[in-house]
Structures are given as structure tokens and as C-alpha cells.
Amino acid sequence: MNYNFNEIEAKWQKYWADNQTFKAKNPGSPPSEGLGEAYYVLDMFPYPSGAGLHVGHPLGYIASDIYARYKRHKGFNVLHPQGYDSFGLPAEQYAIQTGQHPAVTTENNIKRYREQLDKIGFSFDWSREVRTSDPEYYKWTQWIFIQLFESWYDYEQDKSRAISELEEIFASEGNKRVKAACDDDVEDFTAEEWNAFSSEEKQKILLKYRLTYLAETEVNWCPQLGTVLANDEIVNGVSERGGYPVVRKKMTQWSMRISAFAERLLQDLDKLDWTESLKESQRNWIGKSVGAMVEFPILSFPEGEEKARRGYMTGGNNAHLLLEKARENRNSPTDAEKILWNHLRNKSLGYKFRQQHLIDDFIVDFVCLSKRLVLEVDGGIHDLQVKEDENRTKIIESKGFKVLRFRNEEVIGDIDAVLEKIETALSGQPHVSEKVQKAPPSGAGGIRVFTTRPDTIFGVTFMTLAPEHELVKKITTPEQKEEVEAYIAASAKRSERERMADVKSITGVFTGAYAEHPFTKEPVPIWIGDYVLAGYGTGAVMAVPCGDQRDYDFAKHFYLPIKNIFENADISEEAFSGKEGTVIANSDFLSGLKYKEALQKAILELEKLGLGYGKTNYRLRDAVFSRQRYWGEPFPVYYVNGMPQMISAEHLPLTLPEVEKYLPTETGEPPLGNSTEWAWDTENNKVVPNAEIDEKSIFPLELNTMPGWAGSSWYLFRYMDPHNEEAFVSKEAQQYWESVDLYIGGSEHATGHLLYSRFWTKFLKDRGYLSVEEPFKKLINQGMILGQSAIPYRAKITLVSNLDNQKDTPDDYYEVKADLIENSNSVFFSADLRAKGVRFIQEKINGLSYFTSMKKEFEKIIKNSFGLKLEKSSVYIQYSGFSDPRVNLQFLDGLSDNLNLAALKSSGDEELKNAIYLDSEGSEITDCDKQNFVAAREVEKMSKRWGNVVNPDDICEDYGADTLRMYEMFLGPLEQAKPWNTAGITGVHNFLKKLWKLYHSTPNPSLGGENSFSVSDEPASKDSLKTLHKTIKKVTEDIENFSFNTSVSTFMICVNELSAQNCNSREVLEPLAILIAPYAPHIAEELWSKLGYSESIVTAEYPVYEEKFLVESTKNYPISFNGKMRFTMELPLDMSKEEIEKTVLADERAKSYLSDAPPKKVIVVPGKIVNIVI
RNA sequence: GCUCGGGUGGUGGAAUUGGUAGACACGUUGGACUUAAAAUCCAAUGGACAAUGCGUCCGUACGGGUUCAAGUCCCGUCCCGAGUACCA
């Protein structure tokens, strides 16, 4: 019998299906005893696309399948399910184009997927299959959504709680003391106020606390896809799917308050057995930064806004003039001022006072900022200005200050009485140290910035706002208005992409306004610049040019001052960004302090002033949860007076309605708006036609659907108890299986799916529905299997280099005539021409631009493509797109690299059709038959478009599933990306044939050459047992370390050795079959049944490694001289060090290396090595 | 820029705590079997020198260092890949 893999594999696949071999046992259902220890192995479930599987897809499934089967042999009750993430864009796009219902497309695709998967012999428990688009499944997705709606996040207890508990708190004590995750614009209210609110007002407020909430947010709108996208669905400023542009737009959307979980999501990463790089991605995404929120009061406003202001110095919208005046006043105080200052300075009264200080547009004589107390000393002339003084006092008091007025005589005559009055006033004023979270203390408003370096606050020389910052319009002076508006308009036009591509250019405009430095009280000019992002922090920065490179560049560019506040730092060329060990200088009370001390001190002082507080900022934003699509979970939501209401859980699922068109409606509503039956009857609890909406008992339903990650965020729990109609998972099942022990999937989900499902798991745990905090204990990212593509090198670039000036130009270059390049659409050149080193020279330099941002990329291309190293200053380019086009592999002549130009030119691609092709000599190809054009090969993603997809079905047909499984593992480490090369598969296939032969007798040609099964019951030889146990040891270690490639090698070595030993002893071949069963299950089953077993091999006990078979009495010692191995010697292992040394040195070969001189030193490591130093 | 991985034959890749570098396989070359091819089997295969063997030298991106001994540890440099990016 020969190894007929097709027959064997079909037979066992049928057997497994018929016998439900891989059905995992659940607690509660019979047989409930002896379940064994639970082990949960999960693959990321696939989206069933129309293209079917290629050989890259099963890689992770094979690895997890091997592990699952291994664990079964080890006696575990293994849960190894599979399902489909079956809601998604492609089916819907297809529906838009063809009108075919996405459910039909999806069903067909799933069928195809299942067929393909079945052929590979996975040990999935298909009785537990889930599909996210199945109403019985998404019923529970909707249910979880409702739970989120009914919850809020309590920072005090650091967990999610029921919204009813929050209502209780509001009713009994208002919201002041509640530390909850909520919207920014929540206003304080008391219990009385709360109780007096109408039901609608209450709902509005509660919405700001719910873990899923409806709010107008700035979203990423993708016009081409007609939907919004989450941050993780955008790659490089364009949509992940389709690569369409994305714009910012304000829309009312459902959001998930994932930001409330930021700290837990970050902290708990440490508990997980994930790769460091993956954890790092999540850390990056969460983006925690610790620092301070600081407020810079705004000093000046343009005329016209608050014109009525009067003071001793009116009309001053130029704060620096005021400040100059203040400085002047400080330098020439009146006698009374001098006396008073002597009593106030240095915190003599316990509080810090400042003199001649600017408040709004007024210079006051003295002020204690932390107590909001202003002292004025009036001289004689003020008698004439009583009215103006009153006015001035009023305005200052409106800013929250108390004003005390003294006359010169009072101060000079009885300073003690004056001081007493001041002390009384001070004690009567509240201490302003409250965090500046709510309205800023000065009524005029301030600019709030987030900084991680409050210690550098004395280095602030200007501020920069994002162009979109809401204050920009308010503070811009009339003189600057035109310029500022032009700048805002220009930067609004620039797309996200342009902004990213052009990182280096420095742009910005002065607003004309000034802010006040919280400590020095000096004016700080306010600029706008698009290096500041509206979306991060507060959209404003305090610029510290000496410590931040971007601020530094900005300052240099606009000739703004740069103040050095670091001891011994050279900032003449660039900013100094050192932290640890840095000593702050030139910074008032921070001078001489080290970074850490200064940081704390700065925050403390800011808090005292009421102008700042320590704050932790996260980059993680709340996730937008609405999609304007058809093919997704409907929200269980209807609207009463515009307020969202949940459909109660017992009426779920709310199933997707039928629509005629899958496009948005004419009025721009989502596709569900096309449905005529999409209203909710609250009396009968069912969906009714839209026409019946009366806003009394029948209300409109939500038109958006949920995003793709909704269903995938919790599916792991559904597998535990997939048919439960009472709950998404029973407590019993969940507590038995806990969470996923091993999760395998692609790294592209690092910041999407993996973060969201951690979030939902934590939430469900908080609310008591789960016993675990994290969904995936161990996670492995399988690398991608790549295909090959063919590339004609594009030469549509104009390059002028100063190569002529360089002495060492390559001899072997080829000149391509400039006019050839100029006159064509595209020029491609043969890969072998490129290899020679090509140089393009154009004589006329017309319209050349110099793009800094492209330069680096270009230099790389020149270097990689032409092997030329160019001086940085020598490259000038005219950009016209560098990407080389990919050509479908079908255009290659056979297996060669030669492009079939005739076929290519008759293809549909305009560019390729009209292009000029240069052969290896650099001349244009006119005769496609005689001249060759060589395409370059590149390793990249498999894609139907490029014809480089390898189908696993074909491999199974030609070599068998066992070969495919082992070969995919053999390719290299699981986590590494690697190119597919079908040629190499023969090695693995031959191995399986050899394995088969071990169990069969040598063919006898006279009997027709048929092998027959033949295993002897004779005891195995010592060597064979040694081989077996060596293999058990290594394979077990490898499997535990997920080093599947090396275990395949180990099997090969084992079979090679056993073949050489002519081993056919049952004692060895039976354990070997079990060892290999996880990898090549079909052949193992076949051999197992031939060995006489009627039961499947899948639960056969894993062989136990026994050391005694490996014990050696001798060791082949490598003998090295000065560390270089020269020869080996077979010596007994129990030989002592001294004896070894003696024996080795006595050896003839050793003598010849020593050439009679005694060795300097002899190192003997028993059992390892002997090294002789000469 | 930052973070995390890497850099070993013609190729994919092995190499426990530092201890015989290149396991295993592909490819290539030669041979056997065949009318022939395929399949199968055997042998060789890091490079250079020597070539009959004995051998010698050089070799894990590059330059240093530690050590009896370095692919492995330390310092510096270069390059590649992935993620992320005016993150204040």
C-alpha cells in the first residue's frame, strides 16, 4: 500500500465529522463528570470574503490546531471553536453593485470557507460555530449595548456601575462629589436641582455619563464609503478599507466611553502573556502622559469686544505697553507704596503679594492672587477720579477680586491699622487652590494648555494655538485679523495627508494677543501654528523653545526669543530635551532644582495660584460606535422627542429590516432610512411600518448600525455556551472555561479588536456578568505568508545629479536619453538594465521643484534601485509618483522573469499599454519577440489582483493536507513574515512518505511493488529508543514554546534515523504516531488504525519522555586549541577532569598542535568541551 | 523622529545557561536505476587555498571590548522590517 493521502484524508475528515470527535464537553451537560482541566484555544475568526482562503490564512489556524490537539493528548478538555465575523463592508459594497442581499453573499462565502477549512483537517468543534450576523448572536450584542447604556464609570471605585445607582446619588446629593467619567460640559447641580429637573432634562444629563452615549462629536467622515470610521480604521489619513480620504465632520453619533478604562487597559497589559511589541502598540495607542494643566490668562483683547472698559490706562489693547508701564511704576514707587510693599513682600502676611500687577486691562498696585485680593494706594490726584475708581473697582471685582483702597496718608500714618485691615480681608477671602477644571478664574478666560514639562514653565517665551482653537477668533487683534484668517483658511484646506507629508515646513501667524505668564506675570505673545493639533490635549501649547525641538524651530523661524532655563545646556543649535539629572536654572523658585523636584514644585505652585494642577492625559479617545451602513447590528434604540430609549431586552433581537437599496437615502440618511418598516410600537413591542409613527406609542427607530468590532468584542464568550437563550453565556460555562488560554491571529488587530474586547470584558466583569478581567491570556501573532509579484521598474522621474562633479562615478552606467523620458507617459526599464546602474540625465531643467519631504524617500530609491549613493545636496527631483506598478503574474512567460509585453500591451491598463519599455541595453523595445524585458520580483502580500495567490485547496489536492500543515509550520518561526515557495514543499512531502514507509515492509517488485503494513512486536533497539525519546523531548519542548518549525525538523531527523536503523518495532512506532498526530493528523489516524486501534488517535495519551534511554556513557569531546575546534575524542563521561586533561594531552594529534611546548592552560568542562591554550 | 523586532550559505531557516556555527529542508552538481523522462535512491555542497588525502586560512552586517572560549555578553556604527507619529 502506498501513501494515498487523498483517500486517507477524505476518510478521516468524514470520520471526525460523523463522530463529532472534537466536540468539547461543557459543565452541566452530560457527561458532566470527569470533564478534566479546561483549555481554550482560539483563532481570530475570519471575515468570509468572496476571494476565499489563500495559503496565508490557515497558518495561524494550523498552529492553534496543533496546540489544541497536543493539549487533548495531554488530557485536557479542549475548547477549539471557529466561526465567522460575518457583518462587514465588502458584502455590502457587493450588494450596492449587484443588488444581491448581503446575507446571501455572506452565506455563499461561508460555505466556501467551510469547504476549504474542512480540507485542511482542523479539529474545530463546529457544533459551537457562531456568526456575528446571525440574529440569535447579535441579540446578545444588542443586549451588551443596552448594558453599556445602563452603566456609568465611577473613578472612585474604579469600575462600571449601574446608572440607577448614579440617579440615586444625584437625587440625594447632586453631582458635585461624583467622580465619574463624563462629558466635559457637565454642570454642577444639587440634589434639589436634580429632583426639580424634568424627565427630559434628567435624561440629557444622564446621557453625559452613560458608557455608551449619543453626542455630537467630531468624527472621521469618509465620503466615498458614506460612513464614519473609528481612529483605528484609518491608516495614514485614508480609510483602511479602500484607501479613501477621510475628513473631520461634526455629527451626532453613538460613542463608547472607552477612555474611562484607559488606565486599567494600560495597567493590566502587564498581566498578559503577549508579545512586548503588541503591548507597546497598545501603550502607544492609549498614550498616557503625565504632566500638568496650566492656564495662561489672556491679557489683551481686540477693541470692540469689551470696549466699555476704562482705567488709568485705557485704550491699551497692547498688553506689553501696559506691562512696560507697570515695570516703570515698580521702579519708581511712591513713598506709601514703598512702605506697604516692605510689609507685604516675602509673604510677610503668609501670602504672596505682587506689586504693579496687570489684571485685565488695569495695573493694580498690589495683589494677592491666591486670595484674590487687590490693594490700591490712592494718591492726591485720585480725589478727582472717584467715579473712575468706582468703575475700575467694579470691573476688577467682576473678575472675582476683592478691592481694598487706602489713602497715602493712611499707609504712612498707621501702617499697623492698614495691615490689620488687610489681614482681616485675607482671612475672609477663600483660598483659591481649587483645580481649574471648570470655568477659568478670570472672567476674561485663559488659554489652557497641557504640558508634560511644567518644570520648564519659566522657559515659556510664547504660546501656540492650533488654527482651529476656539479662542483664536476672540483674541486676534484687528491688525492681525486678516493674516490670521488667511492662515486658518489655508490650513483648513490642507488635507490631513498634505499636513503629514509636509512635516518639516514651519508656518504660523501672530495673533497680536498676549497671555500672562502665571509666575513672572510677563506678557507672552500668542501665535497660531499648525504644528499644534486641535485634537490632542487642549489644542494649545506653552512653547518652551529651549526644551522642545518644535518650539525651538518655530522660535528660530519667527525670531522669537529663546530663554535657556537649563544649567549647563547648550541650546545654540537645538533644544535640550534631557530630563533626568537636568538642573533647572534661571527660573525663580525652581532654580537649582532637579527635573523631578522642579516638576512637583511647579505643579504645587500652580495649584496655589489656582492656575494649574497635575493632570494625566490620554491619547485614547472615545470610540465612535455608529456606522451609516446596512450590513451591521441594528441598535436596539428608538427615539422619543429626540431622546434615545432602549428596547427592553426581552424583545431582542431587533432584526435588520429589508431595504430596496443599500445606499444612503436621498436626504442623506443611512441605508436603514430606506426601510418602510422601521418604527417601534412600544405597546405591542414590535417593529411596525414607519407610516404608523404617532410619537405617542409608536416611535422611529435608530437608523445607524453598529461597527464591525461590536460582534467581535465578545464572541470568545459565546463559544463557551453558544446556544444559550437565557444569557450570552451561562455563569457556569464561563467560570469553567474562564477566558482564552491561547489566542492566535494577525497583528493588524493590535489597536482595534484587541483593545475593544478588553474594554468590553472589563465592563462585563464590573457589572458581574463575567469572572475574568481580561479576554486573552496568551496571544501570538502569526506572521504573514507573502506572495511574489512582478514589477517593471518605472523610470518616470527626472533626475539631475551632480555626479559629473564626482570623481568616482561608476564606470558601468547607462545613459538614457532625456527626450525619451520627456516625451512618453511612462518609461519602464528591464530589471537587468537597472542592475548595471542607470543614470538619467536631463539637460534642460524645467520646472524643477525641491521637495524636502520627498527627498529622503527619493534618495532611498536611488540607492536601492541604481546602487548609487548621492550626496544629499545633489538630488533635485520632479515628483511624478515613484511607485512601481505591479503586474499580474500571468503576464510572465512561464516561470521566467520575462514579461510578455505583447500580452501586457493588449491588457486594459492605460499606463502599461502606452509606456515605453527599455531592454537590457537601454534601447526601446520595438520587437516584443526578439527583445526581452525582465521584471523584478518583489515579495509582498498575496492579492487576487496580481495573480500571486496560492490556493490551499490545490496544495491539498497535489500533496495532501498533512503536507500543507507541516510545510506551513516548517517555513519558519510562526511569528515571522515569510514568502511562500511551493517548490520547497517536496521536502516535507517526502518526509511523510518516508514516515509511511517506516510502518510498511519493503516493496517486493515481483509482487507488483505494493507495500504492505508491517510492524513487529519485537523490542526495539537501543538506538531506536534513544531516537524516539530524543524526539519526544525535543518536540514537547518545541510545542510548548510554539517553535513548530523546529519540531518538524526534529520529526525529519527522527524518521531519517529510524529508517537508517531499519526500525519497525511497535514499541517505537506507536508513540511516534501520537507525537506526529497534532501535526499530520490524517496519516497518524490511518497508521493508528492499522496498528490495531479502533478508536481515534486524538485522545491517545501523549508519550512520556524517559531520560534513561538517553543516558550515555561516553561523550565525543570537541578538543579545541585557543578556542578553535581541531578534533574530537570519545571519552567516558565519568572520567575526571585531570584524567581527561592527561588523556587529551597524551594524544598524538594534540602533541602535534602543541609542538612540544607545554600548554599555557587547559580548560576542561566535563561533558562539554576541552580547550587548550597554547 | 520615537518604540519594538531583526541582520547567519545560492534560498527558507537551526544553534539550551557563552562551549564542535550552518541542524533540517529547498536549490545546485555528480552518480545509480531507465531507451528516455519523471519518480526514487546514493554522494558532494559556506568561501578561499590545497586539490590524492593530510590539511591551512577566512567566515554569523561593520568597528572595538570582555572571556580559556562570543552568532550569543558589553560599547559604538551601519542597514532592513514592523508599529506609531508635529502627542506638547
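For clarity, every value in this text was computed on a predicted model and none was experimentally measured.
Neither OP1 nor OP2 of B:G19 sits under 4.0 Å from any side-chain N or O of A:Asn1171. The side chain of A:Asn617 contributes no N or O atom lying less than 4.0 Å from OP1 or OP2 of B:C87. A sub-4.0 Å separation between OP1 or OP2 of B:G12 and a side-chain N or O of A:Lys978 is absent. The phosphate of B:G83 (OP1 or OP2) has no side-chain N or O of A:Arg283 nearer than 4.0 angstrom. Considering only side-chain N and O atoms, A:Lys1124 lies under 4.0 angstrom from the phosphate OP1 or OP2 of B:C58. Under 4.0 angstrom from either OP1 or OP2 of B:U40 there lies at least one side-chain N or O belonging to A:Lys993.
Using a 30° and 60° split on the angle between ring planes, A:His517 and A:Phe296 fall in the perpendicular class, above 60°. Relative ring orientation between A:Phe1051 and A:Tyr1079 is described as perpendicular, the plane-to-plane angle rising above 60° on a 0-90° scale split at 30° and 60°.
With its glycosidic angle within 90° of 0, B:G9 is assigned syn.
Across the protein-nucleic acid pair, A:Asn284 atom CG and B:A82 atom P stand 17 Å apart, rounded to whole Å. Counting to the nearest Å, the P atom of B:G6 and the CD atom of A:Glu975 are 10 Å from each other. When the C1' atom of B:G6 is taken as reference, atom CD of A:Glu280 falls 17 Å away, rounded to whole Å. Rounding to whole angstrom units, NE2 of residue A:His989 and P of B:C26 are separated by 12 Å. For the pair A:Tyr967 OH and B:G13 P, the interatomic distance rounds to 10 Å; values are reported in whole Å. For A:Met1125 and B:G55, the CE to C1' distance is 14 Å, given to the nearest whole Å. Atom-to-atom, CZ of A:Phe1127 to P of B:U56 comes out at 11 Å; the value is rounded to the nearest Å. Protein atom CZ of A:Arg1126 is 14 Å distant from nucleotide atom C1' of B:C54, rounded to whole Å.
Counting non-hydrogen atoms under 4.0 angstrom, A:Lys1168 reaches a base of the nucleic acid. Note on A:Thr986: only backbone sugar-phosphate atoms sit closer than 4.0 angstrom, heavy atoms only; bases stay farther off. The residue A:Val1173 sits close only to the backbone: its heavy atoms come under 4.0 Å of sugar-phosphate atoms, none of a base. Using a 4.0 Å heavy-atom cutoff across all strands shown, A:Asn981 reaches no nucleic acid atom at all.
Which of B:G19, B:U20, B:C24 sits closest to the side chain of A:Val1165 comes down to B:G19. Here B:A88 is the nucleotide among B:A88, B:A14, B:G83 with the atom lying nearest to any side-chain atom of A:Ser289. When the nucleotides B:U40, B:G13, B:C24 are ranked by their closest atom to the side chain of A:Asn990, B:U40 comes out on top. Here B:C87 is the nucleotide among B:C87, B:A14, B:U20 with the atom lying nearest to any side-chain atom of A:Tyr536. Proximity note for A:Phe970 (side chain, C-beta onward) versus B:A14, B:A25, B:A23: the nearest is B:A25. Distance from the side chain of A:Thr1128 is smallest to B:U20 among B:U20, B:C87, B:C68.
Taking the six-membered ring wherever Trp is involved, the centroid distance between the rings of A:Tyr3 and A:His1000 does not fall below 6.0 Å.
Taking atom P on both nucleotides, B:C26 is separated from B:C80 by 33 Å, rounded to a whole Å. Only the C1' atoms considered, B:A50 is 8 Å distant from B:U56, to the nearest whole Å. B:G47 and B:U60 are spaced 14 Å apart, taking the C1' atom of each and rounding to whole Å. If you take atom P in B:U28 and the same atom in B:A14, they sit 23 Å apart, rounded to whole Å. The P atoms of B:A15 and B:A37 are separated by 40 Å, rounded to the nearest whole Å. Atom name C1', nucleotides B:A21 and B:A36: the rounded distance is 43 Å, in whole Å. Across the C1' atoms, B:G27 and B:G46 are found 15 Å apart, a figure rounded to whole Å. When the P atom is compared between B:A43 and B:C57, the two are found 29 Å apart, to the nearest whole Å.
Mapping A:Ser747 and A:Gln976 onto RNA chain B by nearest heavy atom places A:Gln976 closer to the 5' end of the strand. Residue-to-nucleotide proximity on RNA chain B shows that, of A:Ile1172 and A:Ile1169, the 5′-proximal contact is made by A:Ile1169.
Looking only at atom types and distance, the side chain of A:Tyr1117 has no donor-acceptor partner in the side chain of A:Thr1128 under 3.5 Å away. Donor-acceptor pairing under 3.5 Å is recorded for the side chains of A:Tyr531 and A:Thr464.
Judged by distance alone, the side chain of A:Asn1171 and the main-chain N or O of A:Ile1163 form no donor-acceptor pair under 3.5 Å.
Checked by distance alone, A:Lys994 brings no side-chain donor or acceptor within 3.5 Å of a matching partner on the base of B:U40.
Contact between A:Lys279 and A:Asp270 at its shortest, heavy atoms only, is NZ-O, 4.1 Å.
In the displayed structure, A:Met784 atom CE is contacted under 6.0 Å by at most 12 heavy atoms of other residues, nucleotides or ligands.
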